[in-house]
Amino acid sequence: IKMSSGFVSSSELNEERQKRQDEWDKVRKAEDPIDTPELEVCNKSLFEQLKHNKDKKEVEMAEERALKNLVRGIDEDESQFLSMMNEIERNDKVAKKKEEALILAEMAVIKGQIGMDSELNPPPSRVNNEGKTIGKSKQALLITSLIKRKNTVYEKMDEKKARIGEEKEEKQRVIGGLVDYGSDSDE
């Protein structure tokens, strides 16, 4: 029986303890204690509980502010450096695009030369399943143009090396001719 003032009598407390003990005995395991564990009761006053909660919240807010202060923006020097890096990257992209355009133009010229060669020497034709003759595929033509381009580039480099080598030999002959004089002494 609860009193109107909110207090609980000792007999009511004993009845509650007995109910909890009965429930505990039903669910208790062998390793658990025999007696029912006591309910956790906070003996702090309302003022102490509220103060504790307020202090805890203030500590959390201070930690959040400290974390926010750790993150800073970039200064003017860093901004200039980043913009310079972006400009360099942009210039590299433009240079790559120009280089690609030049390579594509060279390929078009080489492909045009191959086209002239192919008119003189048509590619071998193949026969498909239906008995129709078909020419080389576009992919095969592209591969042959790349291979020929590669060879022509190396051939041009070899020609330049040969010319440079001939020029060096000629200079050495001239220098050798100037240096290798016969002696005029009366020996």
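Contacts classified as side-chain hydrogen bond (donor to acceptor under 3.5 Å, both in side chains) and involving residues 92-105 (residues at least two apart or in different chains) are not found.
Connectivity analysis of hydrophobic side chains (ILVMFWY, heavy atoms under 4.5 Å, direct or indirect) links Ile88 to Ile74, Phe81, Leu82, Met84, Met85.
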Can I get a per-line list of side-chain donor-acceptor pairs under 3.5 Å for residues 46-64, giving both atom names and the distance, sequence neighbours left out?
{"residue": "Glu48", "atom": "OE1", "partner": "Ser45", "partner atom": "N", "Å": "3.2"}
{"residue": "Gln49", "atom": "NE2", "partner": "Lys44", "partner atom": "O", "Å": "3.4"}
{"residue": "Lys51", "atom": "NZ", "partner": "Asp55", "partner atom": "OD2", "Å": "3.4"}

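Residues satisfying the side chain to side chain donor-acceptor pair (under 3.5 Å) criterion with Asp22, sequence neighbours excluded, are Gln18. Residues meeting the side chain to side chain donor-acceptor pair (under 3.5 Å) test with Ser11, sequence neighbours left out: Ser9. Residues passing the side-chain contact (heavy atoms from CB on, under 4.5 Å) test with Gln21, sequence neighbours excluded: Trp24, Asp25, Thr36.
Within 6.0 Å of the CD atom in Glu76, the count of heavy atoms belonging to other residues, nucleotides or ligands does not exceed 12.
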